[in-house]
Amino acid sequence: MELKQYSIVLVNLDPTIGSEIKKTRPCVILSPNEINKFLRTVVVAQMTTNLNKYPTRINVKHNGKNGMIAIDQIRTIDKTRILKRFDLLTKSEIADCKSIIKETFVD
């Protein structure tokens, strides 16, 4: 399965500890395509249907549902956790991801 940056994938996140987002859920691949191609891990941000506004969350619509990408829940996972691949984010969703990542981690 080819894994591309900004693809939405279904990931089994269990087991987790404490306040980490749990269960099998959609995630967005944030790691660049070069990393995704050569390493056995990818960097993802979990998605949630909890629509509480946080500065590190991005509104998206996926599979007919409104949700949020949780940039505050970035995690490196083994590719074997990925169960299925869905669509790519839209251009505006990608721009929002880049902006929130930069605002959160670069300054």
Side-chain angles (χ1 to χ4, degrees):
M1 170 185 334
E2 185 179 4
L3 301 173
K4 293 189 175 190
Q5 187 177 36
Y6 302 114
S7 292
I8 300 171
V9 291
L10 186 64
V11 178
N12 178 0
L13 296 170
D14 290 328
T16 57
I17 298 173
S19 297
E20 296 171 347
I21 293 179
K22 300 173 175 44
K23 66 186 179 178
T24 299
R25 65 175 60 242
C27 295
V28 174
I29 296 176
L30 298 178
S31 48
N33 291 331
E34 295 79 20
I35 289 175
N36 301 335
K37 184 175 180 180
F38 294 108
L39 297 182
R40 293 188 304 198
T41 57
V42 293
V43 178
V44 298
Q46 292 92 351
M47 294 176 69
T48 180
T49 55
N50 179 337
L51 299 178
N52 291 336
K53 296 278 185 189
Y54 296 109
T56 56
R57 305 272 168 112
I58 299 153
N59 289 314
V60 293
K61 188 164 189 165
H62 165 65
N63 213 18
K65 294 182 182 178
N66 291 323
M68 300 189 106
I69 302 169
I71 298 299
D72 54 286
Q73 291 281 336
I74 291 176
R75 180 173 171 183
T76 301
I77 61 163
D78 191 277
K79 289 178 181 176
T80 59
R81 288 184 176 269
I82 298 173
L83 305 175
K84 186 176 181 179
R85 187 179 55 162
F86 299 113
D87 296 329
L88 288 170
L89 295 179
T90 65
K91 288 182 180 185
S92 65
E93 291 166 344
I94 291 170
D96 290 345
C97 275
K98 289 179 178 182
S99 174
I100 296 297
I101 289 168
K102 184 177 178 182
E103 185 178 316
T104 303
F105 295 107
V106 175
D107 232 6

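Within the 3.5 Å criterion, the main-chain N or O of Arg81 finds no donor-acceptor partner in the side chain of Asn12. When atom types are taken as modelled, the side chain of Arg85 and the backbone of Glu2 share a donor-acceptor pair closer than 3.5 angstrom.
With Pro26 as the fixed residue, the side-chain contact (heavy atoms from CB on, under 4.5 Å) test singles out one of Lys65, Gln46, Met47: Met47.
Under the side chain to side chain donor-acceptor pair (under 3.5 Å) criterion, Thr90 pairs with Ser92, Glu93, sequence neighbours left out. With sequence neighbours excluded, the residues satisfying ring pair (Phe, Tyr, Trp, His ring centres under 6.0 Å) with Phe86 are His62. Applying the side chain to side chain donor-acceptor pair (under 3.5 Å) rule to Asp72 yields the partners Thr56, Arg57; only residues at least two apart in sequence or on another chain are considered.
Leu88 and Val43 fall into different hydrophobic clusters, where Ile, Leu, Val, Met, Phe, Trp and Tyr residues are linked whenever their side-chain heavy atoms come under 4.5 Å apart, directly or through other members. Hydrophobic clustering of Ile, Leu, Val, Met, Phe, Trp and Tyr side chains at less than 4.5 Å, counting indirect connections, keeps Ile35 apart from Leu30. Cluster annotation: Ile8 and Tyr6 are assigned to the same hydrophobic cluster (Ile/Leu/Val/Met/Phe/Trp/Tyr, side-chain heavy-atom contacts under 4.5 Å, transitive). Both Phe105 and Ile94 are assigned to one and the same hydrophobic cluster, defined by single-linkage of ILVMFWY side chains at heavy-atom distances under 4.5 Å.
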**Q.** Evaluation steps, side-chain contact (heavy atoms from CB on, under 4.5 Å), between Lys53 and Asn59
**A.** CA-CA 9 Å; Lys53 296 278 185 189; Asn59 289 314; 3.1 Å; yes
(Q) As a quick check of understanding, evaluate side-chain contact (heavy atoms from CB on, under 4.5 Å) for Ile82 and Ile77, giving each step before the final call. (A) CA-CA 9 Å; Ile82 298 173; Ile77 61 163; 4.0 Å; yes
Q: Could you give me the CA-CA distance, side-chain angles and deciding distance for Val42 and Lys79, then say whether side-chain contact (heavy atoms from CB on, under 4.5 Å) is met?
A: CA-CA 7 Å; Val42 293; Lys79 289 178 181 176; 4.0 Å; yes
Q.
Using the rule given for side-chain contact (heavy atoms from CB on, under 4.5 Å), can you reason through Ile58 versus Leu89, listing the C-alpha separation, both sets of side-chain angles and the distance that settles it, and then say yes or no?
A. CA-CA 11 Å; Ile58 299 153; Leu89 295 179; over 6 Å; no
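Summarising the local packing, NZ of Lys84 is surrounded by 12 or fewer heavy atoms from other residues, nucleotides or ligands at distances under 6.0 Å.
Screening residues 24-35 for side-chain hydrogen bond (donor to acceptor under 3.5 Å, both in side chains), with sequence neighbours left out, gives Ser31-Asn36.
Here Ile17 is tied to no hydrophobic group at all, with no ILVMFWY side chain closer than 4.5 Å. Taking Ile, Leu, Val, Met, Phe, Trp and Tyr as members and joining any whose side-chain heavy atoms lie under 4.5 Å apart, directly or through other members, the hydrophobic cluster of Met68 also contains Leu51.
Residues Asn50 and Thr48 share a closest heavy-atom pair of N-OG1, 3.1 Å.
Using a 4.5 Å heavy-atom threshold, the side chains of Leu13 and Arg75 count as touching.
Atom NZ of Lys98 is separated from atom CG of Asp96 by 11.5 Å, given to the nearest 0.5 angstrom. Expressed to the nearest 0.5 Å, how far OG1 of Thr104 lies from CD1 of Ile74 amounts to 7.5 Å. The structure places CG of Leu39 at 12.0 Å from CG of Leu3, a figure rounded to the nearest 0.5 Å.
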